[in-house]
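Before any comments, here is the structure.
Remember, it's a predicted structure, so these values are computed and weren't measured experimentally.
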Amino acid sequence: MAHQVISRHRLPQPYRAALVTLWTLPLVLLIGAIVIGRGFTLALFDPRLLLPALIMLTPAVYVWREGIDVLPEGIVRRVHVPRYYHFDELKTWTFERRDGQRLIIIWDDDERKLVEVSAVLTDLPTLLATLRARVRGRSLPPNL
C-alpha cells in the first residue's frame with residue numbers, strides 16, 4: 001500500500017547532489033579508465049568489479065534517501081533503515097541548538113529518542129508546523 005507523502009525533508013538539493021557526486025566519482029573514473037584502456041569489454045560485468053562498485057555506491061544511495069517523510073498519519077524516518085512512526089507514538093519533540101547545530105529531536109512514550117536530525121533540511125517550516133499540529137508535547141523528557 002502506497003502512502004501519500006505530504007512533504008519530504010532532505011538535505012537541500014545542491015548539497016545532496018554534491019555528496020552523491022563525491023561518492024560516485026571514483027567509480028566513474030575507474031570504469032572510465034577501464035573503457036579508455038581496453039574498450040567496452042565483458043570484464044566490466046565481472047563480479048570482482050561489480051561487488052566493490054556496489055559497495056562504493058552504498059553511501060551515495062544513503063545520502064540521497066536520508067531524511068524525513070511526513071505522511072497524513074505519521075512520519076517515516078529515513079536514517080539508516082526506513083522506519084514508520086504514527087503520530088500517536090510520538091510523545092514530545094524539541095527544536096534546539098546544541099554545539100552550534102540546530103537539531104530536531106523527537107521522543108516516544110517510553111522516552112526513547114526516535115529521531116535526531118540536523119535542521120539543515122528542505123522545507124523545515126512545514127516539518128515544524130506538522131510537528132506542532134500533530135505531536136502532543138514540546139517539552140523535554142524529564143531525564144534529560
Can you give me every donor-acceptor pair (side chain of residues 17-40, partner residue at least two apart or in another chain, under 3.5 Å) with its distance?
| residue | atom | partner | partner atom | Å |
| --- | --- | --- | --- | --- |
| T21 | OG1 | A17 | O | 2.8 |
| T24 | OG1 | V20 | O | 2.9 |
| T24 | OG1 | T21 | O | 3.4 |

For a 4.5 angstrom cut-off between non-hydrogen side-chain atoms, does [X] reach [Y]?
X: L103; Y: F95; answer: no
X: V70; Y: V5; answer: no
X: I68; Y: R78; answer: no

Indicate the atoms forming the closest heavy-atom contact of [X] with [Y], along with that distance.
X: W93; Y: L131; result: NE1-O, 3.5 Å
X: Q13; Y: W64; result: NE2-CH2, 3.4 Å
X: S7; Y: T126; result: OG-CG2, 3.8 Å
X: K91; Y: D109; result: CB-OD1, 3.4 Å
X: L114; Y: R77; result: O-NH1, 2.7 Å
X: L49; Y: A43; result: CD2-O, 4.1 Å

Practice prompt. For side chain to side chain contact (heavy atoms under 4.5 Å, CB included), just list the numbers for L128 and I104, CA-CA rounded to whole Å, side-chain angles, deciding distance to a tenth of an Å, and then say yes or no.
Written response: CA-CA 9 Å; L128 293 175; I104 297 171; 4.2 Å; yes
Worksheet item: If you group Ile, Leu, Val, Met, Phe, Trp and Tyr by side-chain heavy-atom gaps below 4.5 Å, do L44 and L42 land in one group?
Response: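 Yes; tracing contacts between hydrophobic side chains, which count when under 4.5 Å, links both residues.
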Worksheet item: Can you get from V63 to M56 by hopping between Ile, Leu, Val, Met, Phe, Trp and Tyr side chains that sit under 4.5 Å apart?
Response: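 Different clusters.
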Practice prompt. Show the numbers, then the answer: is there a side chain to side chain contact (heavy atoms under 4.5 Å, CB included) between K113 and I105?
Written response: CA-CA 7 Å; K113 193 182 297 184; I105 305 170; 3.7 Å; yes
Practice prompt. Mind checking the OH-CG spacing from Y85 to L71? Nearest 0.5 Å is all I need.
Written response: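 If we round to the nearest 0.5 Å, Y85:OH and L71:CG are 13.5 Å apart.
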Fill in: Short side-chain to backbone donor-acceptor contact, R8 and G67, under 3.5 Å
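No: the side chain of R8 does not pair with the backbone of G67.
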Fill in: Donor-acceptor pair, side chain of E89 and main chain of H86, under 3.5 angstrom
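Flag set: sc E89 to bb H86 pair under 3.5 Å.
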Worksheet entry | R10 and D69 ion-paired at < 4.0 Å |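 Salt bridge present between R10 and D69.
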Item to complete: With R112 as the cation and W107 as the aromatic partner, state whether NZ or CZ is under 6.0 Å from the six-membered ring centre and within 45° of the axis.
Response: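 Output no; distance or angle outside limits.
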Worksheet item: When V135 is tested against each of T92, I106, I75, L90 for side chain to side chain contact (heavy atoms under 4.5 Å, CB included), which residue passes?
Response: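 Of the listed residues T92, I106, I75, L90, the side chain to side chain contact (heavy atoms under 4.5 Å, CB included) partner of V135 is L90.
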